[in-house]
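Written out below as structure tokens is the structure these notes cover.
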Amino acid sequence: MNQGKSLNLREIVVMSSISVVFGILYLGWIFFGQFMQGITGPVGWGLLTGFWIMAGIICAYIIRKPGVAFAAQLIAAGTEILVGSVNAGVVLLLGVTQGIGAELAFALFLYRSYKLPVLMLAGMFGTFANFITTYVVYGYSQYSSLVIGLMLATMLISGAVLAGWGSKKVADSLSQTGVLDNFALGKLHRKQRVERHVANQD
Amino acid sequence: MLDEYQRKQRFLQQVNPTLKLISILLVIVFMIMVFDPWTPLVLLLITLSVLSVFGGVSVRFLMLVLLPFSLFAFSFVWINVVFPDERGETVLFSIAGLPVAKENLLTGISLGLRSLVFASWSLLFILTTEPSKLMLSLIQNCKLPPRFGYGMMAAYRFLPLFRKELQQIRAAHRIRGLGEPRSLKEKLRQTKRYMIPLMASAIRKSERVAVAMESKGFDGSRERSFYRVVPWTKFDLIFSVGFLTLLGTLLFVRNHLLV
């Protein structure tokens with residue numbers, strides 16, 4: 001198998017189709033989120049934001065190569081637009097910034113560690129990037145700092161729990177089905193299984 | 001519904017997708033600087049009329065799409081009235097003991113209208129751009145690596161399949177005696193039960209497609225010919241000039257006539 005750092009076509013298509021699935025879910029989540037924001041304001045919205053980082057983190061966790069988190073976020077955003085998001089411009093912008101955010105966390109660990117804390121950090125970086133973007137684009141500077149602070153706090157929690165822990169859960173259960181056997185995560189899990197098996201025999 | 005508008009041969013449909021994408025980002029940058037309610041209102045009305053005149057989109061359809069979005073826009077108004085950064089001086093009236101200041105109300109309306117401007121400009125892009133034309137334009141005009149471009153197009157083509165697959169999974173689960181969920185907890189568990197098989201089959205399909213593409217000689221290199229070429233035309237020139245004039249005029253009127 002190609003052990004290089006660049007993505008091969010198989011990885012690109014699989015990454016794209018995972019991101020396309022999430023792109024549709026993202027779009028549904030926006031309607032849910034806008035409904036929540038209409039009622040509870042930016043704080044309820046904050047708790048939901050982590051979901052929008054999941055595509056990037058799941059793909060990075062599965063494929064484990066540089067640039068995957070960013071590309072996956074961008075594709076998911078692109079899908080949202082192609083399927084018909086009424087907010088295409090901002091969605092695209094958010095796709096870019098959230099992708100950079102999540103990617104940054106993996107880059108900090110030199111793309112070597114994909115353990116739960118790293119995934120959580122990636123989620124938090126992602127939601128933080130989302131916060132900065134919406135802050136500038138939608139003019140949140142006009143709101144009181146209490147609301148903004150609460151919103152940031154809920155977003156970071158959501159990034160760690162929903163995006164970090166949630167993504168790991170989804171990817172691990174996907175790996176159990178065996179479809180990821182040709183990818184970094186599947187190979188790792190298989191190696192662990194074999195080692196456990198050998199250890200039991202001794 | 002969408003592709004009915006995307007395939008029309010009107011002016012906006014002929015403009016290069018990349019150019020339209022750039023114009024959206026420029027609108028966002030432009031609107032970030034604006035906090036008065038009039039500029040977004042004017043831009044919103046102009047965008048909607050351009051879309052219906054040069055894009056052939058019916059006004060009724062536009063209203064129908066923007067209606068749910070206005071709930072989101074309205075949330076900006078009330079948040080600004082209830083939790084403003086600095087409460088304005090001119091108190092108009094009060095709701096349940098909370099004073100409502102004119103300044104905060106105006107800023108709120110401005111931010112709400114701003115989100116509607118983004119939405120209308122995004123509609124202008126979505127309703128007049130075919131997805132595959134956008135991809136081809138990104139590959140040909142923006143130097144997106146073909147490996148990514150065609151990989152994404154292949155994945156995008158799975159979309160209608162996913163819906164069929166979801167129905168299949170649902171039917172399969174029902175046959176095995178898993179009923180409809182009643183509580184929220186059951187609903188969550190059901191979502192997981194649907195998601196994992198759906199994604200697993202998506203991954204399997206994409207692997208097969210990738211292998212098929214490579215076996216037919218797709219190597220992702222840039223030296224390739226295209227069945228459909230997305231060129232730069234005179235429509236792009238007209239669109240750019242019109243767009244820049246619009247932003248320029250708005251900027252001029254704002255700075256010189258309103259102050």
| Checking heavy atoms, do the side chain of A:I148, its backbone, both or neither come under 4.5 Å from chain B? | neither
| message | Within the structure provided, determine whether A:Y138 and B:M31 are in side-chain contact (heavy-atom separation under 4.5 Å). | response | no
| Closest approach of B:R147 to A:N8 (non-hydrogen atoms, all atoms of both residues) | NH1-CA, 3.7 Å
| said: Using side-chain heavy atoms (C-beta onward) and a distance below 4.5 Å, is B:I196 in contact with A:V170? | reply: yes
| Could you walk me through whether A:V13 and B:K205 pass the side chain to side chain contact (heavy atoms under 4.5 Å, CB included) check? | CA-CA 9 Å; A:V13 181; B:K205 271 202 198 77; over 6 Å; no
| Using non-hydrogen atoms only, which part of A:L9 is less than 4.5 Å away from chain B: side chain, backbone, both, or neither? | both
| Side-chain heavy atoms of A:L93 within contact of B:I28, under 4.5 Å | yes
| field | Heavy-atom pair of closest approach, residues B:A210 and A:R10 | value | CB-CA, 3.6 Å
| field | Minimum heavy-atom distance between B:A200 and A:T177, given as atom pair plus value | value | CB-OG1, 4.0 Å
| request: Let me see the working for B:F158 and A:V21 under side chain to side chain contact (heavy atoms under 4.5 Å, CB included), right down to the final yes or no. | output: CA-CA 9 Å; B:F158 287 142; A:V21 172; over 6 Å; no
| B:R114 side chain vs A:V137 backbone, donor-acceptor pair below 3.5 Å | yes
| Shortest non-hydrogen contact from B:A155 to A:S16? | CB-CB, 3.4 Å
| task | Check A:V179 against B:E207 and note the closest heavy-atom contact, atom names and distance. | result | O-OE1, 3.8 Å
| Does a side-chain heavy-atom distance below 4.5 Å link A:L7 with B:F148? | yes
